[in-house]
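Take a look at the structure set out below.
Model, not experiment: these values are computed from the prediction.
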Amino acid sequence: MNRTWLSRAIGLSMCASVKYSARGPALIPRMKTKHRIYYIALFSVVLLGLIATGMFQFWPHSIESTADWSVERRSVHDSPLVHLPASSPIPERGDLSCRMHTCFDVYRCGYNPKNRIKVYIYPLRRYVDELGAPISSTGLSREYNELLSAISDSEFYTDDVSRACLFIPSIDVLNQNSLRIRETAQALAQLHRWERGMNHLLFNMLPGGPPDYNTALDVPRDRALLAGGGFSTWTYRQGYDVSIPVYSPLSAEVELPKKQPGPRPYFVLSSQTAVHMEYRAELEALKAENGEAVLILDKCTNLSEGVSPTRKRCYKGQVYDYPQTLQESTFCVVLRGARLGQAVLSDVLQAGCVPVIIADSYILPFSEVLDWKRASVVVPEDKLSEMYSILKSIPQRQVEEMQRQAHWFWEAYFSSMKAIALATLQIINDRIYPYAARSYEQWNDPSVVKWSRVNSPLFLPLIPPRSPGFTAVVLTYDRVESLFRVITEISKVPSLSKLLVVWNNQNKSPPEESLWPKITVPLKVVRTTENKLSNRFFPYDEIETEAVLAIDDDIIMLTSDELQFGYEVWREFPDRLVGYPGRLHLWDHEMSKWKYESEWTNEVSMVLTGAAFYHKYFNYLYTYKMPGDIKNWVDAHMNCEDIAMNFLVANITGKAPIKVTPRKKFKCPECTAIDGLSLDQTHMVERSECINKFASVFGMMPLKVVEHRADPVLYKDDFPEKLKSFPNIGSL
C-alpha cells in the first residue's frame with residue numbers, strides 16, 4: 001500500500017517535471033516500474049546509511065563514560081556494593097624495574113594541541129569481602145575526597161575513559177593503617193581497565209606498618225605508578241614513581257601570620273614528639289652546649305582537659321603553641337620517625353623555618369623537579385652532633401633566601417591536597433610531553449618572575465608563524481630627533497607589531513604625545529627608574545611577540561627591506577641572534593688573552609644588539625639568570641651589554657650568531673665623528689677587557705666563529721628590481 005502510494009507520488013512528480021520541460025515530454029523516456037522500484041530501494045538504503053552515520057557521530061563514544069565526578073556521586077553510602085570472592089585474583093607486587101618506557105603506555109596519551117594528559121577517575125564503589133566486611137576501616141577519607149575533587153576540577157580530567165591516558169582508582173590507599181592488604185589488592189584487580197596496573201596511579205602517604213614500616217605501599221599493585229609519601233632510595237623507582245609530601249591537617253586548620261625572613265629568637269628548634277631516644281639524647285647534648293639558641297620540645301603531659309595535644313608542645317613544664325612556635329626559629333629539625341616521610345616537614349615550611357632534614361636515604365617530596373638545596377639543609381644522621389656548627393657556617397643572606405623559598409614551596413606544593421595532586425600530575429605530564437615541560441625556573445622560582453609567559457626558543461616550531469610579527473625595542477636617552485627618525489623608518493617594516501621606547505633619562509621627561517611620529521602600530525614609552533644598559537633587555541610586559549628587535553636610537557641607515565629580511569631569517573633560526581653589525585673575538589698570543597676586533601674580516605662571532613633580532617626568552621635569562629656579576633658589571637661600566645648577550649645566547653645554544661645583509665658601516669658609539677673607520681682605542685681596550693671578564697665568569701669561551709652571512713637569494717643577480725622580494729638592500 002505504502003509502496004504504491006510512493007510510486008504514484010514519484011510518478012506524479014516526474015510527470016510534473018515533464019510538463020514544465022521546455023523541450024517537451026518526448027525527450028524524457030518513461031521509467032519502467034521495476035527500475036523505479038530498484039532506484040527507490042537504493043535511495044532508501046543510502047538515506048538510512050546517512051542517518052545511522054549521523055547518529056553514530058553524535059552519540060556518546062564510549063559506553064564506559066560516566067558522569068562528572070560530582071559532589072553527589074562522592075558518598076560512599078550511596079555507591080554500588082561490590083563483593084570480592086576469596087578466590088579473586090591478586091596483582092603481583094610492585095615491579096621495581098618499571099620505568100616509563102617499560103611499564104607505561106605513552107601511546108594512550110597521544111598527541112593533543114595542549115600537550116596535556118587526560119585523567120580518568122573510576123566511579124566510587126564499596127568493596128566488601130564474602131562476609132560483607134569492608135576492605136578499609138575508613139572508607140573514603142576527607143583528604144582523598146579533596147584530592148579526587150581537585151583532579152576532577154582540573155584541566156587534566158576527562159569523564160570519557162576512551163580518551164584517558166592515566167587512570168586513578170577511587171579506592172583510598174592514602175593510609176595503609178586503615179587497609180586490608182589482600183582485599184585492597186583484589187579490589188584493584190577488579191577495575192575494568194586495570195591490565196596489570198598499566199597507566200594507573202595510586203596515592204599513598206603513610207606506607208608500611210609495624211614492625212618494619214616499609215617505605216612503599218605494601219598493597220600488591222603490579223605496574224601501577226605510586227605517588228608515595230615516604231620513599232627511600234631502595235623503594236623509589238626513579239623517573240617512574242613520584243615522591244609526594246605527607247599532608248599536614250594543620251595546613252587547613254591553622255593560618256600562620258606571614259613573617260619576613262631574618263634572624264629569629266631561636267636558632268634551632270626540634271618539635272617532634274616521637275623521636276628515637278638516641279636522637280633525643282644527641283639533641284639534648286646540643287641544647288646543653290649551645291644554651292638558649294636551641295629549643296628541644298616534646299609532648300605535653302600536664303594539659304588541661306579538652307586541650308588538643310596535637311596543638312601544644314612542652315619543655316620543662318612550659319607550654320608552647322604548635323605550629324606557631326615554629327616561626328620563632330631560623331632552623332627546624334625534621335628527623336625520621338617510624339616512617340621516613342613526616343607531616344612536620346609541611347608545618348616547618350609553612351612557618352618559613354628552614355628544615356634541617358635528618359633522614360638518610362629519604363627521597364624528598366617532588367625532588368624530581370624541586371631544588372631542595374635552595375630551601376633546606378640535609379644533614380647525615382651520623383653528623384647530628386655537628387649540626388649546629390654546620391648551620392652556623394651558612395651566610396645570613398643565604399639563610400634568608402632559604403626561609404623565603406621554604407615558605408614558597410609550602411604555598412605552591414604542600415598547602416593543600418589540591419596542590420599535591422596537581423603537582424604530581426604535572427610531573428607525569430612533563431615526562432610524557434618533555435618538549436612542553438615546565439622549566440627549572442617555573443618549578444623553583446616564585447611567580448614574580450613570569451616564566452609562564454615565555455617559551456624557550458629551543459622548543460619552538462621549526463619556523464615560528466609570520467603573523468605575530470616582532471616588537472622593536474629602542475633604548476634612548478635624549479637624542480629625540482634621531483629617535484623619531486628611527487621610529488619612522490622602523491614603522492615601514494611590514495612585520496612590525498609594536499614599538500617600545502625605553503626612556504633611560506631620569507632627569508628629563510619624554511616629548512609630549514602630540515610630538516611623536518604618527519605610525520600605524522602601537523607605540524609605548526617605558527620610563528626607567530635608573531640609567532642602566534640592562535634596561536634594554538628587561539622582559540617588559542609590553543613585549544607580547546616571540547621576536548624582539550633591539551635597536552639603538554641612532555641606527556637610521558637600515559632600510560625596511562633589510563629589517564624585514566632580518567626578521568625572516570630569525571624565523572628560520574629563532575634560537576640565534578640575528579643582526580647586522582658583526583664583530584669578532586681573537587686570541588692575542590703575545591698578551592695571552594682575548595681581544596675584541598671590529599676590523600672587516602671574513603669571520604664573525606658576535607652581532608651587536610644595536611640592531612639585532614632575538615627571542616624574548618633571552619630577556620628573562622639576561623635579567624634573572626646571567627652568571628656571576630656580569631649584569632652588575634655591565635651597568636657599572638656602561639658598556640658591553642651586547643657582548644654579554646652574545647655570550648649568554650652562545651652558551652645556552654652552542655651556536656654562532658647570524659649576520660644578515662652586507663652592510664658593515666653603522667653609525668654607532670664605536671665610530672668617531674671624524675672618520676667612520678677610525679676607532680677609539682680606549683673603547684676597544686674596554687671591549688677586550690669585557691670579553692676576558694665574561695670568559696672568566698663563564699669558565700670557558702662560548703662564542704663560536706663562522707665565515708658566512710645571510711643575503712636575499714636574488715641580491716647579486718642581474719634581475720629586474722620589481723621581481724625581487726627585498727630590492728632595497730644597502731651596500732657596504
_His192 ring center within less than 6.0 Å of Phe167 ring center_ = no
*Any idea how Tyr435 and Tyr433 line up, ring-wise: parallel (<30°), tilted (30 to 60°), or perpendicular (>60°)?*
perpendicular
_Run the side-chain contact (heavy atoms from CB on, under 4.5 Å) test on Trp408 and Tyr413 for me, step by step, so that the C-alpha distance in whole Å, both residues' side-chain angles and the decisive distance to 0.1 Å come before the verdict._
CA-CA 8 Å; Trp408 184 75; Tyr413 308 114; 3.8 Å; yes
*Once the angle between the rings of His200 and Tyr122 is folded into 0 to 90°, is it parallel (under 30°), tilted (30 to 60°) or perpendicular (over 60°)?*
parallel
*Do Leu364 and Leu370 touch side chain to side chain, with heavy atoms closer than 4.5 Å?*
no
*asked:* If the threshold is 4.0 Å, N to carboxylate O, is there a salt bridge linking Arg404 and Glu401?
replied: yes
*asked:* Please check this pair: side chain of Asn199 against backbone of Asp105, looking for a donor-acceptor N/O pair closer than 3.5 Å.
replied: yes
*Look only at the side chain of Ser170 and the backbone of Pro123, and say whether a donor-acceptor pair between them is shorter than 3.5 Å.*
yes
_With rounding to the nearest 0.5 angstrom, report the SG to NZ distance, Cys109 to Lys118._
12.0 Å
*Which atom names give the shortest non-hydrogen contact between Phe331 and Cys353, and what distance separates them?*
C-SG, 3.2 Å
*Does the pair Gln350 and Phe414 meet the rule for a side-chain contact (heavy atoms from CB on, under 4.5 Å), with working shown?*
CA-CA 8 Å; Gln350 183 183 11; Phe414 286 69; over 6 Å; no
*Assess the pair Trp443 and Phe409: is the distance between their ring centroids shorter than 6.0 Å?*
no
_Test your reading of the model: is there a side-chain donor-acceptor pair from Ser346 to the backbone of Ala343, 3.5 Å cut-off?_
no
*Identify whether the distance between the nearest side-chain nitrogen and carboxylate oxygen of Asp95 and Arg196 falls below 4.0 Å.*
no
*Would you say the side chain of Val268 lies within less than 4.5 Å of the side chain of Val356, judging by non-hydrogen atoms?*
no
*If only atom types and distance count, is the side chain of Thr235 paired as donor or acceptor with the main-chain N or O of Phe231 below 3.5 Å?*
no
*Measure the shortest side-chain to side-chain distance between Val333 and Met387 over non-hydrogen atoms and say whether it is less than 4.5 angstrom.*
yes
*Separation between CZ of Arg431 and CG of Leu225, rounded to the nearest 0.5 Å*: 6.5 Å
_With sequence neighbours excluded, residues passing side chain to side chain donor-acceptor pair (under 3.5 Å) with Asp241_ = Arg237
*Contact check, side chains of Pro220 and Arg182, non-hydrogen atoms, under 4.5 Å*: no
*Taking C-beta and beyond as the side chain, do Leu340 and Tyr213 meet within less than 4.5 Å on heavy atoms?*
no
*For Ile135 and Thr184, work out which heavy atoms get closest and say how close.*
O-OG1, 3.9 Å
*Does a salt bridge link Lys114 with Glu155, judged by any charged N lying under 4.0 Å from a carboxylate O?*
no
*Evaluate the side-chain proximity of Ile363 to Thr233: yes if any heavy-atom separation is below 4.5 Å, no if none is.*
yes
*asked:* Whether the side chain of Gln327 engages the backbone of Gly352 through a donor-acceptor N/O pair (distance < 3.5 Å, no angle test) should be reported.
replied: no
*Would a distance-only check, ignoring hydrogens and angles, find a side-chain to backbone donor-acceptor pair under 3.5 Å from Asn444 to Tyr440?*
yes
*asked:* Any donor-acceptor pair under 3.5 Å linking the side-chain atoms of Gln176 with those of Asn204?
replied: no
*If you count the non-hydrogen atoms of other residues, nucleotides and ligands that lie under 6.0 Å from NZ in Lys418, is the total more than 12?*
no
*Spell out, as yes or no, whether a donor-acceptor pair under 3.5 Å connects the side chain of Thr102 to the backbone of Cys98.*
no
Report, one line per pair, each donor and acceptor closer than 3.5 Å where one atom sits in a side chain of residues 309-316; sequence neighbours left out.
{"from": "Thr310", "atom 1": "OG1", "to": "Ser308", "atom 2": "OG", "distance (Å)": "2.8"}
{"from": "Arg311", "atom 1": "NE", "to": "Tyr322", "atom 2": "O", "distance (Å)": "3.3"}
{"from": "Lys312", "atom 1": "NZ", "to": "Asp321", "atom 2": "OD1", "distance (Å)": "2.4"}
{"from": "Arg313", "atom 1": "NE", "to": "Ser271", "atom 2": "O", "distance (Å)": "2.7"}
{"from": "Arg313", "atom 1": "NH1", "to": "Thr310", "atom 2": "O", "distance (Å)": "3.4"}

*State whether Lys259 and Glu328 are salt-bridged, where the test is any N-O pair (Lys NZ or Arg NE/NH1/NH2 against Asp/Glu carboxylate O) under 4.0 Å.*
yes
_Distance alone, cut at 3.5 Å: any donor-acceptor contact between the side chains of Gln186 and Gln190?_
no
_Polar side-chain atom of Tyr240 near backbone of Cys103 as donor-acceptor pair, under 3.5 Å_ = yes
*What are the two closest non-hydrogen atoms of Leu226 and Ala216, and how far apart are they?*
CD2-CB, 4.3 Å
_Gap between atom CD1 of Ile171 and atom CG of Leu202 - 0.5 Å precision_ = 8.5 Å
_Separation of Trp234 CH2 from Leu96 CG (nearest 0.5 Å)_ = 11.5 Å
*Identify the two heavy atoms, one from Gly208 and one from Asn177, that lie closest to each other, and give their separation to 0.1 Å.*
O-OD1, 3.9 Å
*Test side chain to side chain donor-acceptor pair (under 3.5 Å) applied to Glu381 - qualifying residues, sequence neighbours left out*: Tyr279, Arg336
*Quick one: does Arg339's side chain have a donor or acceptor within less than 3.5 Å of a partner on Pro207's backbone?*
yes
*Side chains of Ser232 and Thr215: do they bring a donor and an acceptor to under 3.5 Å?*
yes
*Is there side-chain contact between Ser136 and Tyr127, with heavy atoms separated by less than 4.5 Å?*
no
*List the atom of Leu286, the atom of Leu384, and the distance in Å for their closest heavy-atom pair.*
CD1-O, 3.6 Å
*More than 12 foreign heavy atoms under 6.0 Å from CD of Glu386: is that the case here?*
yes
*Run the numbers on Val294 and Phe267 for side-chain contact (heavy atoms from CB on, under 4.5 Å), then give the verdict.*
CA-CA 6 Å; Val294 179; Phe267 186 67; 5.9 Å; no
*Mind running side-chain contact (heavy atoms from CB on, under 4.5 Å) on Phe366 and Thr424 for me, showing each step along the way?*
CA-CA 8 Å; Phe366 304 131; Thr424 302; 3.6 Å; yes
_Spacing of OG belonging to Ser154 relative to CD belonging to Gln426, to within rounding of 0.5 Å_ = 10.0 Å
*May I ask you to check whether over 12 heavy atoms, not counting those of Lys299, lie within 6.0 Å of atom NZ?*
no
*Quick check: does any side chain N or O of Gln442 sit under 3.5 Å from a backbone N or O of Ser439, one acting as donor and the other as acceptor?*
yes
*Within a strict 4.5 Å, meaning less than it, do heavy atoms of the Glu143 and Asn175 side chains meet?*
no
_SB check Asp445 Arg374 (cutoff 4.0 Å)_ = yes
*asked:* To the closest 0.5 Å, what do you measure between CZ (Phe104) and CG (Leu201)?
replied: 9.0 Å
*Could you pull out the closest heavy-atom pair between Val354 and Ser376, with the gap in Å?*
CG1-CA, 4.0 Å
